[in-house]
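Only one structure is covered here, and it is reproduced in the block below.
Naming convention: chains lettered A, B, ... in sequence-line order (proteins, then strands); numbering from 1 in each chain.
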Number of protein chains: 2
Amino acid sequence: MTLTNDHPDVAALRAFNRLYTNRLGLLNAHLDQSPFTLTEARILYELAHRDEPTAADLMRTLQVDRAQLSRTLKRFADRGLVEKSEHPEGGRRQPISLTPVGRTTFAALEQNTCTAIGALLDTLAPTERRRLIAATDIVSEVLGEKAGGALLLRDLKPGDLGWIIHRQTVLYVEEYGWNQEYEALAAGILADFVKSFDPAREAAWIAEIDGRIVGSIFLVESDKSGVAKLRLLYVEPDTRGRGVGAALVAACIERARAVGYETLVLWTNSVLTSARRIYERAGFTLTEEAPHHSFGKDLVGQTWSLDLGQA
Amino acid sequence: MTLTNDHPDVAALRAFNRLYTNRLGLLNAHLDQSPFTLTEARILYELAHRDEPTAADLMRTLQVDRAQLSRTLKRFADRGLVEKSEHPEGGRRQPISLTPVGRTTFAALEQNTCTAIGALLDTLAPTERRRLIAATDIVSEVLGEKAGGALLLRDLKPGDLGWIIHRQTVLYVEEYGWNQEYEALAAGILADFVKSFDPAREAAWIAEIDGRIVGSIFLVESDKSGVAKLRLLYVEPDTRGRGVGAALVAACIERARAVGYETLVLWTNSVLTSARRIYERAGFTLTEEAPHHSFGKDLVGQTWSLDLGQA
DNA sequence: AAATCGTTGTTGATTGAGTCAACTTAAGGC
DNA sequence: GCCTTAAGTTGACTCAATCAACAACGATTT
């Protein structure tokens, strides 16, 4: 799919770009009163944060001209900030490193930029600042190297339930055209979950990657003795295929077994195909299917069951 | 409050800044192959989007040197891109405008940058792109001119309920140290609201500013005939004092009266002082107070009542 | 062994953005 | 009239940025 040029997203990103260069571009420009150019500062930063890169390395990551880089490094060397050494594998390559003087100089520069940015942040109200940082984190994550932080499963904390209801509803509305009925169902389930929560026999997990909620699952006691229900599994679409769902289900099964349940059941809908695969791989079997009309659609409800294999 | 320089927020914003200059800075630099510098492009942009600004105007908004600006404008004039006219009020001021040639040149330039940005966006998955745009919108809003968009009251749409539960819980946990009990209460209330929703006698409003949810309120029928309840009023802290709460309460009262209720009551807690002021101004009177232990705290519950003055 | 090619780094030459300071031109205030 | 302030121009200088040519070295080919 290709965007047309007058797509609103393009306009939004351009507006952002413009604002950013107008506001913060200056923050860079000469880092007021520092003796270093933006490019020089970027080079110093790379030198300080990498392990003896060669000039060619810097050229590629910072996208600067070879000539300019060569001269800049020479200036740095003249000022005693950097030194070049021999590359172990021979060749013309020269690993470059900061001298002690270079390190202290860089530290002072860092100090200045941090102060400048701190001053900028101080002009914002706490709420605004938090929103700004959250937003820039997202931009960094989306545009940044897709290192893909580690998956973390954690307990519930206040605000999670509302967030889950919100995200699940939005997802199911977008993907399957369901209506608000689902939101009420989820809200009801979670309200009951908290009200009658038995920490010894029930649990919930939130999956996080880089501090962002990317999935959740609930283990709830059922009416029938020895039977637990797995409920409200969901995984953010853009993190699917990274094992988030499997990890959540595994945690749920493990706990159910540890607590002493004999059977784990779950109710889902046939349209939720990616979830279905996760259940199958975890060993669940389809025990019942029945059409129903809910959330504004004709659906096929499914009951899946897993024998936890204990007396 | 002043931030220390090693505050994580500073680090986050710096990381963002670095990433941004590395990734998108190039997008600016020379807008590859265009004959215009970044500064020149910015000047052209301002000329195209403003009504005949003077050189001094440009100088202030773009933060460029007078000399540089003067020379750049002269170059533009030589190339036939801009023309200067007489300022109606006399003086040395010369309003500057693009010539037809300048307009078409600028249009071509725009086309290029849009294509470049479109190409960048096309490399992202749809979900990622949406997250990116949402994030940049927030940055623009926080750093941008605090024009403060218009307040919009709208109906409920799917996902709103979860969002409200999430935000209210986070706020009350942060501000008053309440626990998850509140989240369950809110989820239960809203689940019931949807399940037994009577469109003729009940309603809900979401307050939005610039597409962001900044508050909400619910009008719910009570057990007692002729009596309606106002529930779950909340306003985002950073938009308080802009009449959001008052507008929500006013909408609620108006509808309650229109539908034919005789009395509007609400239950709140004494610690919620900003809400209290809104109720007082709207004409509510405190009818009952009783201590209770909820949400992990000792609180004083209050019942407020408003006579809608109809037979 | 020689020729070729790709990579790495240096140097020359040129352009023009960016900066500081001096100066001109107009308007308003007293 | 004089002084102050703002707007715009011009001169002089620095140096980042860019292009192109070239030297050094390894790897590959012939």
task: Looking at every strand, decide which applies to A/Thr72 at a 4.0 Å heavy-atom threshold: base, sugar-phosphate, or nothing.
output: nothing

task: Go through the structure and list residues passing side chain to side chain donor-acceptor pair (under 3.5 Å) with A/Asp57, not counting sequence neighbours.
output: A/Thr54, A/Arg60

- prompt: Is the shortest side-chain N/O distance from A/Lys74 to OP1 or OP2 of C/dG9 below 4.0 Å?
  reply: no

field: side chain to side chain donor-acceptor pair (under 3.5 Å) against B/Asp160, all qualifying residues, sequence neighbours excluded
entry: B/Arg154

- request: Check the distance between D/dC15's P and A/Leu38's CG and give it to me in whole angstrom.
  value: 17 Å

- prompt: Between C/dT19, C/dT10, C/dA17, which nucleotide gets closest to the side-chain atoms of B/Asp65?
  reply: C/dT19

task: Write down the distance between CZ (A/Arg66) and P (C/dT7), rounded to a whole number of angstrom.
output: 10 Å

- prompt: Just how far, in rounded Å, is P of C/dT7 from CG of A/Leu69?
  reply: 17 Å

message: Using whole Å, what does the distance between atom P of nucleotide C/dT8 and atom CG of A/Leu73 come to?
response: 14 Å

- prompt: Counting side-chain heavy atoms from C-beta on, which of D/dG8, D/dA16, D/dT9 comes nearest to A/Arg75?
  reply: D/dA16

Spacing between A/Gln63 atom CD and D/dA16 atom C1', to the nearest angstrom: 17 Å

field: Interatomic distance, B/Phe36 CZ vs D/dT18 P [rounded to whole Å]
entry: 17 Å

query: Does B/Glu110 have any side chain to side chain donor-acceptor pair (under 3.5 Å) partners at least two apart in sequence or in another chain, and if so, which?
result: A/Arg14

message: Side chain of B/Glu40, heavy atoms from C-beta onward: which of C/dT8, C/dA17, D/dG8 has the nearest atom to it?
response: C/dA17

Could you write out each protein N or O paired with an N or O of nucleotides 12-14 of chain D at a distance under 3.5 Å?
unit_1, atom_1, unit_2, atom_2, d
D/dA12, N6, B/Arg71, NH2, 3.0

Test side-chain hydrogen bond (donor to acceptor under 3.5 Å, both in side chains) applied to B/Thr61 and B/Arg50, step by step: CA-CA 11 Å; B/Thr61 52; B/Arg50 297 177 60 172; 3.3 Å; yes

query: What's the CG-C1' distance between A/Asp78 and D/dC15, to the nearest Å?
result: 15 Å

field: ring pair (Phe, Tyr, Trp, His ring centres under 6.0 Å) involving B/Tyr45 - partner list, sequence neighbours excluded
entry: B/His49

- prompt: Taking only side-chain nitrogens and oxygens of B/Thr37, does any of them come within less than 4.0 Å of OP1 or OP2 of C/dA17?
  reply: yes

message: Please report the distance, rounded to the nearest Å, between CE in A/Met59 and C1' in D/dC19.
response: 14 Å

- prompt: Can you check whether A/Asp238 reaches B/Arg131 side chain to side chain, under 4.5 Å on heavy atoms?
  reply: yes

- line: Taken in chain and number order and not counting sequence neighbours, the residues that satisfy side chain to side chain donor-acceptor pair (under 3.5 Å) with B/Arg281 are none

- request: Could you tell me whether the phosphate oxygens of C/dA17, OP1 or OP2, come under 4.0 Å of any side-chain nitrogen or oxygen in B/Thr39?
  value: no

